[in-house]
Every structure is written in structure tokens, then in C-alpha cells.
Amino acid sequence: MTGFIEKNGVLHVDNIALPDIAKEYGTPCYVYSASVIKAQFTALKEAMERALPADRQPLLCYACKANTNIAILKLLQTLGSGLEIVSEGELLKGIKAGFTGDQIISTSFGKNESEIKACLEANILQFNIEAPEELENVNKFAAQMNKTANVVFRLNPNLSGGGHSKINTGRKEDKFGNTAEDILTLYKRAEDMSNVTPVGLSIHIGSQVSQVEVFKPGFEKLAELVGILRAQGHTVTHTDIGGGFPVVYHDEANLDLDAYAQWVRDIILPLNTQIQMEPGRYMVGNAGVLLAKTQYIKTTPSKNFIVLDAAMNDLIRPTLYEAYHGIRPVMGHNAPMETYDIVGPICESGDVFAKNREIPTVSKDDLVVIQSAGAYGFAMASNYNTRTLPPEILVDGDNVAVINKGQTLEELMGRESIPDWL
Ligand code: LLP
């Protein structure tokens, strides 16, 4: 058995007991399961293999904003993934992990000069264009560098995919994408440019898309626009159908990969384009936990608080999106249930991982895990309250490795300086 499993009353990741990890590396720390990442990648790949012919398989471009650790990137690269990036930093990490330019697509919003030039230097597969001036810039810098860049235009389909409002991206009031009308103009403009080649369209409705049926009208709008572009004489060879797959945080249903794959088969496949996908959370979300220790149990007239050593700076999702994360003790699962507010030590009332959560009774120094923290966990961590970033640990079977050693206070303070005129 692999992944996060209980053995003899102790939570393990694969063959490694979480208390051993806490003892060796301290808490809080992120712990990831390579086997879960492999299983997620394989499940998506196999669903696509069941639905689409062998010579029309999509390029699965892992959206690495979800978890940018280089070891995780390497793992996905060895599995055969491509990469979706949104910054120069992500590009550099991807290259370091072994991805080649032809496996990388850039979907960033507001691409800056340095990033565009670095992407051109790396000969990436394509730039997904978010705005007219971005297109002008890609063409300008490509001309300076004597390159020709593939561009695709992101369609804003004016669809809402559930999830939290802050991670919906496909509504007309969102900053992302271009209207179908604008794309018709931009495609023509790009064709007249010397250093870009318009090759297709992209779409990304949002993240943790809970109403998965919204993918279908999204695909239909994409396909309709491909038809219009072709009728106007344009060449369309690439369709990027985005990411946004939901993972299980609480009691959500598992994404029906086969239903999704069939929408791809029925709507996108007939377009005869190279198909690309950008899953982020799906690959890594359920593959990680934030391991933390109970510092105190504080009881007030109205609440029982578990005060963890982890805080909102380590995992901001509950604070930022009111996101639900499962929380469970690492041992003692059969203890009587108790209701707690589970909080961190940061000086904000919003530093709460869970409110009124019923879990087995926990005592001072007990370990707990905050589950499904592999995506947008460490990636969004900060130094708020001058707290160091936690380490990240990867487990695969019997193998354990520190894939990010975290920070020391000395390193943190070493970045700052007092001017001599103070
Ligand atoms: N493609 C584009 C263009 C994106 O903007 C995103 C995510 C993805 C792909 C990957 O989406 P996924 O498959 O992971 O849903 N911090 C938030 C999520 C922000 C997602 C941003 N864009 C959270 O913790 O829920």
C-alpha cells in the first residue's frame, strides 16, 4: 500500500512513519508522496488513452504553480509530462528539472520583458496570449532575437466554474483571456507580424472547478471559434484546453476522468489539432500534507483551540479562500471526538485552519496533518510574522529525501540591511 495510510495506529506515507519524519526534520514541514503523484499522472494519462487514439494523445503540461519544487518537477518530467509555466522563475526551474523548450508552454498574465526573452531563448512551444500588447511585445522581442514564436490566444468564454470566486478565471469580469471578437482581430494581426505565428487557442475556466459540467460548454465555445477562424482562412493547429480539475478536500465527488475525456474526444478531437492540457492541483493536491505539532490546547468559555506550530504563512488556503482541508492526528485516531478551532500562532484572527472541527482528542505535543496540501501549499507560503519557510520532504517507498531544506532565521535576516544614513 502506498500513499498516506494508517499502520498500527500511526499515519505513514508509504513505508515511512510520520512521527519519524517529524523527529528527523522538525515541524512544521510539508511531506509529499511520490507514489500519489505517479498515480494521479497515470490515471489522467490512461483516461486519455482510453478515449483518444494513440497518435492524438494530449500533451499533459503540469501547471507547476501548484507546486514548483524542482524534485516534483523532475518526477513529473520522468513520467513524461510537459510543463506549463507563469514566470521566468518557473521556466528556470523547469529547465533545471530537465524539461526541454518544446515541452513548455507559457500562460502567464502580463508577461514581462525578461520572462519573454528567457522563454524565447529556451525556444518554448508556445506563448498563450492574454492581451493585445502582450502579443506586440512577444513579436518585438522575438524580432530583436531573430526568433519566431508560436502564439495561441486565450479565450475568455464567460463561464463560471464554481470553486471560490478568487480562483474563477473564465467570467467576463475576470482579467483573463480575450473575447472571441478580439481574438478574430488578434489572429489577423499576428499573421501580419514577422516574428510570431498564430497557431491556435487556449481556455482555462478556473481552478478546483466544482461544477465539472462547465468544461463542456467551454470546449464548445473553443471549437466554435476554431471553426470561425478556419472559415476566415486562418490556420489553427493547437488547442490548449487548460486545467482546473478538482481534487477531493472533503466530501466532493472524485472527478470523472472518463466523462471529461469523452468531452475531449467528442468536441476537441474532431478539430484535428495538437491537444494540450494544463492540470496543476490534480497532479499534486492529494499528494501532500502539512505536518504540524500541537503547541498548546487553549480552552476559553466558548472554544477549545488547538494551537499548532504551523500557521497561515505556511498554508494560506483556509484563510484566503475559506478552503476546507481535512485535519487528523497522526496517532490516536480512536480517541473520543472533540470539537476544536484549529489555529496557528500568527497574530491575526484569520490564522485558522478549521473552525468547529470535530476530530479525535488531541493533547499538547501531538502531531497532526493538514491534508491535501500538496498544491498551492508551500507554493504560496510566506515569511509573514518573520517565520521561516518550512522544509519539504519527499517519500517514495522506503526512500525519504529533503527536497527543500526550508530557511533559517539567519538566512531570512541576511537578506535585509540597514542603510548607513539611519
Ligand atoms: N492554467 C492556467 C492558465 C492557470 O491559471 C492555472 C491556475 C492552471 C492552469 C492550473 O489550474 P489547476 O489545474 O491547478 O486548477 N491558489 C489557488 C489556485 C490558483 C490557480 C491559479 N491558476 C488555490 O489554492 O486554490
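For the single chain, residues carry numbers from 1 onward in sequence order. Whatever order the structure lists them in is the order used to number ligands and atoms, beginning at 1. All heavy atoms count here, side chains included; hydrogens, waters and symmetry mates do not.
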Please list, in number order, the atoms of ligand 1 under 4.0 Å from a heavy atom of [X].
| X | answer |
| --- | --- |
| Gly280 | 12 (P), 13 (O), 14 (O) |
| Gly244 | 11 (O), 12 (P), 13 (O), 15 (O) |
| Gln208 | 15 (O) |
| Ala63 | 8 (C), 9 (C), 10 (C) |

If we only count N/O pairs under 3.5 Å, is [X] in contact with ligand 1?
| X | value |
| --- | --- |
| Thr107 | no |
| Met380 | no |
| Pro279 | no |
| Ser207 | yes |
| Arg154 | no |

Protein residue, atom and distance nearest to [atom], heavy-atom basis:
| atom | value |
| --- | --- |
| atom 24 (O) of ligand 1 | Arg317 NE, 2.6 Å |
| atom 11 (O) of ligand 1 | His204 CE1, 3.4 Å |
| atom 25 (O) of ligand 1 | Arg281 NH2, 2.8 Å |
| atom 21 (C) of ligand 1 | Lys65 CD, 3.7 Å |
| atom 19 (C) of ligand 1 | Ile167 CG2, 3.8 Å |
| atom 1 (N) of ligand 1 | Glu278 OE1, 2.5 Å |

Do the numbers put Arg357 on top of the ring of Tyr324, so that NZ or CZ is under 6.0 Å from the six-membered ring centre and no more than 45° off the axis?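 Pair Arg357/Tyr324 counts as cation-pi.
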Return yes when Gly242 approaches ligand 1 closer than 4.0 angstrom through a heavy atom, no otherwise.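 No heavy atom of Gly242 comes that close to ligand 1.
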Below a 4.0 angstrom heavy-atom separation, can you tell me which part of Tyr321, side chain or backbone, both or neither, approaches ligand 1?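 For Tyr321, the contact with ligand 1 is made by the side chain alone.
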Cut-off 3.5 Å, side chains only: do [X] and [Y] have a donor facing an acceptor?
| X | Y | value |
| --- | --- | --- |
| Gln208 | Tyr321 | no |
| Thr100 | Asp102 | yes |
| Gln40 | Asn286 | no |
| Asn385 | Asn313 | no |
| Thr68 | Glu90 | no |
| Asn128 | Gln126 | yes |
| Glu278 | Gln276 | no |

Where is the tightest heavy-atom contact between Phe141 and Lys117, given as atom of each residue plus distance?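 Smallest interatomic distance, heavy atoms only, reads CD2-CE, 3.6 Å.
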Which heavy atom of Lys303 sits nearest a heavy atom of Asn356, and at what distance?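 Lys303 and Asn356 have their closest heavy atoms at NZ-OD1, 2.8 Å.
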Determine whether the aromatic ring centres of residues Tyr25 and Tyr30 are separated by less than 6.0 angstrom.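 Judged by ring-centre distance (under 6.0 Å), Tyr30 and Tyr25 do not meet the cut-off.
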Heavy-atom proximity to atom 14 (O) of ligand 1, best of Tyr376, Tyr282, Phe176: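 Nearest option to atom 14 (O) of ligand 1, by heavy atoms: Tyr376.
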